[in-house]
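Note that ligands are numbered from 1 as they come in the structure, with each ligand's atoms numbered from 1 the same way. Computed from a predicted model, the values in this text were never measured in an experiment. Below, all heavy atoms of this structure are taken into account, side chains as well, without hydrogens, waters or symmetry copies.
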Amino acid sequence: MKTLYFITGNKGKLLEAKKRFSKINFEIIQKDIGYPEIQADSLEEVALFGVNDIQKRFDKPFFLEDAGLFIDSLNGFPGVYSAYVFYKIGCSGILKLMEKYEGNKRKACFRSVIVYKGLNKDPEIFIGESYGLISKISIGDYGFGYDPIFIPENEKRTFAQMETDEKNRFSHRGKSLNKLINYIKN
Ligand code: IMP
C-alpha cells in the first residue's frame, strides 16, 4: 500500500482524508509536527507559508490543509480567522452574530485549500468549496469545528449529522481531496 503524509494536528481532518484515500488504497499517515499559521488575507498564503516551513525539516512527500468558514452577511467573517474565532466564541457565538438574519441572508461557504509538496517539485494547490446555510441551532454529533451549524446546499442536515463518508461527498475538503487524488493518480 502506498503512503502519504498529512501534516495536521486535527483528528477530524485526518479521519476525512484517511477515509477518502482508503478508496484508492493509499494510507494516510499523520505527522503532527506543527507549523506557523501566519495571519494573512487568504487561506492559500497561510497554507503555502506552512509548506515552506515544513519542507525545511521533512523530506517525504506531504500535504497540509487550511480551511475557513466565510459567511456572506458578515462580509466573509470569520474566514481566515476561523480557528481563532472558533476558539474564542465557538458555534454558539456565530449563531448569536447571525440571530437577525433569515433565509438567504444565512448563506455561507466553507473553503479548503490543500497544498501538496512532492519531492523536488513545486507545491501544488487544490481548492474545494462547499456552499450552504448557517443553521438556526447547533445540531449533530459527528465531525468537528463548525460542522454542527453548517447545512450544505440541497440538504436539510448539518455536516455534524453526517458520517464521514457522507460529509466527504458534499464538503469543501472532500472536493479538495478529490482533486489531490486525481493529481496523484496521474
Ligand atoms: P484550520 O484549517 O485548522 O485553520 O481551521 C480553521 C477553523 O475552521 C477551525 O476552528 C476548524 O475547527 C474549523 N474547520 C475547518 N474545517 C472544518 C470543517 O470541515 N468543518 C467544520 N469546521 C471546520
Please assess E129 against Y131 for the test side-chain hydrogen bond (donor to acceptor under 3.5 Å, both in side chains), listing each intermediate value before the final yes or no.
-> CA-CA 7 Å; E129 289 180 332; Y131 293 89; 2.9 Å; yes
Can you find a heavy atom in the side chain of Q39 that is under 4.5 Å from one in the side chain of V80?
-> no
Please determine which of I54, I29, T8, I33 meets the side-chain contact (heavy atoms from CB on, under 4.5 Å) test together with F62.
-> I54
Can you list, by chain and residue number, every protein residue with a non-hydrogen atom closer than 4.0 Å to ligand 1?
-> K13, E37, D66, A67, S82, A83, F86, F110, F144, G145, Y146, D147, K167, H172, R173
State which residue, out of Q161, H172, E16, fulfils the side chain to side chain donor-acceptor pair (under 3.5 Å) condition with K167.
-> E16
Any side-chain heavy-atom pair from V115 and F126 closer than 4.5 angstrom?
-> no
More than 12 heavy atoms from other groups under 6.0 Å of OH on Y142 | no
